[in-house]
Amino acid sequence: MGTGCFLLTFLTRHKPQDFLITMSQVRVRFAPSPTGFFHIGSARTALFNWLYARHTGGVFVLRIEDTDQARNSEEFLNVIYDSLAWLGMSWDEGPKVGGACGPYRQSERAPIYKEYLQKLLDAGRAYEKDGAIWFKLLGERSEVFDDHRKKTVTKVANTPAVIDDQIRGRVERLEDEDFVIFRSDGNPVFHFVNVVDDIAMKITHVIRGEDHLSNTSKHVELFKAFGAPMPKFAHIPLILKQNGPGKMSKRDQGALIEEYQKKGYLPEALVNFLSLLGWNPGGDREKMPIEEIIRLFDLPAVNQSNARFDDKKLAHMNMVYLLEQPADRFVSLARAQMERQQAASALAADPAYLREVVLLSQPKIKSLEELATYTAYFFTEDFAVDAKVRDKVMAKGEPKARLAELAETLATADFSSDTAIEEAIKALATRTALSFGDYQSVGRLAVSGTNVGPSLTGMFRVLGRERVLARIAKFQATA
RNA sequence: GUCCCCAUCGUCUAGCCCGGUUAGGACACCACCCUUUCACGGUGGGCACCGGGGUUCGAAUCCCCGUGGGGACGCCA
C-alpha cells in the first residue's frame, strides 16, 4: 500500500517529461536453462527479446537458469553461447560480458536468494512445511478435496492476479494455493528465482512463451509481496510441431538449432523465418534484412495464436538467401559445409578449382547440404552412372553417334569460355541439322553420369578438355 | 477434471481495434511460358473467414454459446 501511495504522489507532482526521464530504458532478458540443447522455440523467444531490445535501444540480458544442479555443465552452456552467437544475437549483460547486475548464472546467486527469502520471512509471507519453504498467500483458508489430484489441499480466498499483457491484453488468473519457493534440499525453485532475478536485474519487460502465462499469477503474487514494480509481460505464441498434436519438443524433427548448423542453413535466413513465426510487419513483406526487422518489430504486432512450424517454407527462405550470396561468402560457406560432411575428394582438390565448381552450382542448388552430392563427379573419375537415366537417354534417337560427333568437335573446340564451347556445339548441330539438346543429354550423361547439373558448357569448361574427352571415351567403351 | 490462452486457404499470414474487399501475399500443389538438363524466374489455377445464435440496412470484422486447438495445474525450468 505504501508504494502505491508513493506512486500516486509521484505521478501528480511530476510532469510527463520528468516521468520519462525517470523511467529507465527497456531491459529484457533471455533466461535459458542449460539442458544440452538449444530448441527452436527458445531461439525465437531469445530473438523476440533481442529484437525488442534493439528496437527500443534497450538492454538484452542473458541469464542462465541453472538451479537444477544435476544437469549443468560447461559444455551445455557453450551450446547456448554458440547458438546465440551463430544466430547473431549478442547480449549486453550476462556471462562472459558481465554487467552491473551480475552474477548472471543462478547457480552463483545463492546469497541474493537468501536475502530475498529473508524479506519474505520477515514480512510473514513465507513459512516452513515438510522441510520446504512455502510462499504464503493472503486470505481466508479452507481445506478442499481435489478430485483430479486426489488429495486434500488448502485453498486461499485470494483475489485474482491481474496480468497486463502486451500481446494478450488484460488477463486475470486466481492463484489460490501456497506454493514451494525453496525445496527441502535448500535450493530455490524456478518461480522464486525468476521473479527475484527480474527484480534484481531491473527487468522491465518479460517476453516469454505462452506456456508461462499460467505461471504468471504466481509471479505477480511474488512481485507484489516484494513490493517491487511489476514488469510488463508479453506472452508469445508457441511453435507447434509440423505433424501431429502439441507444441514442438526437442525430440521433433527440426527442433534443434544444431540441426540447421549441421545442414549449412544460413543463420540470417533462419532468423528471418523465425521472426515471421508469430509476428509480421503487416502487409506482404517477408524477406527482410535484420536492420529492417529490428526497425519494424514491436510487441503489440505479435500474434496471439500458435504457429505450426513449416520446414518447406524455411528451406525456401534459405534458398533465396543462398542465391544472393556474394561469391566469396558462398564459397566459404560451401567449403565449411563440405568439411562438415567430410567430402574428402572435394576438399582435397585445388581451392581455385573447388571455387569454380561451387560457383557454377550456386544458381542451381536449393541447399548447401546437397552441394557435395551435386558436384561429386567434379572430383573423381570414379563416379556412378545413373542406370535409369542411362536407359532413358540411350533409348532415344542415336545417342552413340551424337556422342561420337560431340567428342570430335570438343577435341578441337575453344575451351576458353562457356560461350566458345556453346558456339562449337551449336555449329555442330547446325551441320547435322539437329539441336543443342540432342548433344546435351548424352554428353551430360557420359561426363557426369546423370541428367541434372549446372550448365553443360560451364561443366565442360571447368572440367577441361582432357577429362571431358577421357570420360566420353570411357563411356563409349562401356556403352 | 479445474483454470488460462487461441480460432481466415494444407501451412505461415494480411484484413479485425475504427463493420460495406472480386477476402490479399508467401510456402506447398497443378498447368502453361521461359529454357541447354535440373533449377531460378514469369503467368494462370484450385484452396479459407470452425458451427450456431444475436446486434445491424449490412458481420471475417462487434457480443454470446457451442465446438475445436494449445497451455498450465511438480519440492522441473
Side-chain angles (χ1 to χ4, degrees), chain A residues 31-35 65-68 70-71 106 129-134 146-150 153 160 163 165 167-169 171-177 179-191 193-194 208-218 235 237-240 242-243 245-247 273 276-287 300 303-317 319-320 323 361-366 374 389 393 418 422 425-426 429 435-441 443-445 448 450-459:
Chain A
S33 58
T35 56
E65 306 224 328
D66 55 352
T67 51
D68 189 358
R71 296 160 79 187
Q106 292 185 330
K129 191 179 99 182
D130 304 330
I133 297 173
W134 298 66
D146 186 309
D147 286 334
H148 187 61
R149 285 181 288 174
K150 304 215 183 323
V153 295
I163 301 152
D165 197 285
I167 295 168
R168 278 147 221 290
V171 176
E172 280 190 19
R173 188 173 186 279
L174 177 67
E175 197 62 44
D176 61 357
E177 285 178 35
F179 52 91
V180 171
I181 51 176
F182 269 74
R183 290 190 278 265
S184 50
D185 66 4
N187 286 305
V189 306
F190 163 73
H191 302 299
V193 294
N194 198 262
R208 64 196 352 175
E210 202 229 57
D211 48 347
H212 286 295
L213 186 54
S214 300
N215 291 330
T216 308
S217 48
K218 285 188 175 68
H235 288 94
L238 265 22
I239 298 176
L240 269 27
Q242 36 190 346
N243 300 304
K247 63 173 174 174
F273 172 79
L276 259 16
L277 220 48
W279 170 81
N280 76 80
D284 298 336
R285 299 277 281 127
E286 288 205 340
K287 182 172 176 294
N303 294 148
Q304 306 182 2
S305 53
N306 295 340
R308 203 168 284 276
F309 182 78
D310 181 5
D311 61 354
K312 288 227 181 73
K313 188 147 187 172
L314 170 57
H316 179 264
M317 180 74 81
M319 180 198 70
V320 173
L323 238 29
S361 309
Q362 181 179 12
K364 300 289 190 167
I365 58 162
K366 304 189 88 163
Y374 190 84
V389 174
V393 170
D418 291 9
E422 186 179 335
I425 297 174
K426 278 186 172 166
S435 73
F436 186 101
D438 292 308
Y439 292 96
Q440 165 163 249
S441 54
R444 183 182 292 282
L445 176 67
S448 72
T450 180
N451 62 344
V452 301
S455 91
L456 187 75
T457 53
M459 188 177 103

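We name chains A, B, ... by the order of the sequence lines, and we start the count at 1 in each one.
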- Query: Base of C65(B) relative to its sugar, syn (within 90° of 0) or anti?
  - Reply: anti
Using side chain to side chain donor-acceptor pair (under 3.5 Å) as the criterion, list what pairs up with [X], not counting sequence neighbours.
{"X": "Arg444(A)", "value": "Gln440(A)"}
{"X": "Asn306(A)", "value": "none"}
{"X": "His191(A)", "value": "His219(A)"}
{"X": "Lys426(A)", "value": "Glu422(A)"}

Would you tabulate the pairs of protein nitrogen or oxygen atoms and nucleotide nitrogen or oxygen atoms of nucleotides 61-67 of chain B closer than 3.5 angstrom?
none

Return the polar atom pairs (N/O with N/O) between nucleotides 39-42 of chain B and the protein under 3.5 Å, or none.
from, atom 1, to, atom 2, distance (Å)
A39(B), O2', Lys364(A), O, 3.0
C40(B), OP1, Lys366(A), NZ, 3.4

- Message: Under 4.0 Å from OP1 or OP2 of C76(B): is there any side-chain N or O of Arg183(A) that close?
- Response: yes
- Message: Strictly below 4.0 Å: does Arg444(A) bring a side-chain N or O up to OP1 or OP2 of C38(B)?
- Response: no
Closest listed nucleotide, where the reference is the side chain of [X] and the choices are [options]:
{"X": "Val180(A)", "options": "C75(B), U36(B), C73(B)", "value": "C75(B)"}
{"X": "Ser214(A)", "options": "C38(B), U37(B), G71(B)", "value": "G71(B)"}
{"X": "Lys312(A)", "options": "C27(B), A77(B), G70(B)", "value": "C27(B)"}

- Heavy atoms under 4.0 Å, any strand shown: does Arg149(A) hit a base, just sugar-phosphate, or nothing? sugar-phosphate
- Contact class for Ser33(A) vs. all strands (heavy atom < 4.0 Å): base, sugar-phosphate, or nothing? sugar-phosphate
- Task: Taking atom types as modelled, find out whether Glu65(A) and Asn194(A) have a side-chain donor-acceptor pair closer than 3.5 angstrom.
- Result: yes
Going by the rule salt bridge (charged side-chain N to carboxylate O under 4.0 Å, His left out), which residues pair with [X] if we only count those two or more places apart in sequence or in a different chain?
{"X": "Lys313(A)", "result": "Glu286(A)"}
{"X": "Arg173(A)", "result": "Glu175(A)"}
{"X": "Lys287(A)", "result": "Glu324(A)"}
{"X": "Asp284(A)", "result": "none"}

- Could you tell me the separation between the CG atom of Asn215(A) and the P atom of C5(B), rounded to a whole number of Å? 15 Å
- Query: How does protein reach along nucleotides 6-17 of chain B, written 5' to 3' as B (base within reach of a heavy atom under 4.0 Å), S (only sugar-phosphate), or - (no contact)?
  - Reply: SS---SBSS---
- Residues two or more places apart in sequence or in another chain: which of them pass ring pair (Phe, Tyr, Trp, His ring centres under 6.0 Å) with Phe273(A)? Phe309(A)
- Query: Donor-acceptor pair under 3.5 Å: do we get one between Ser184(A)'s side chain and the base of C75(B)?
  - Reply: yes
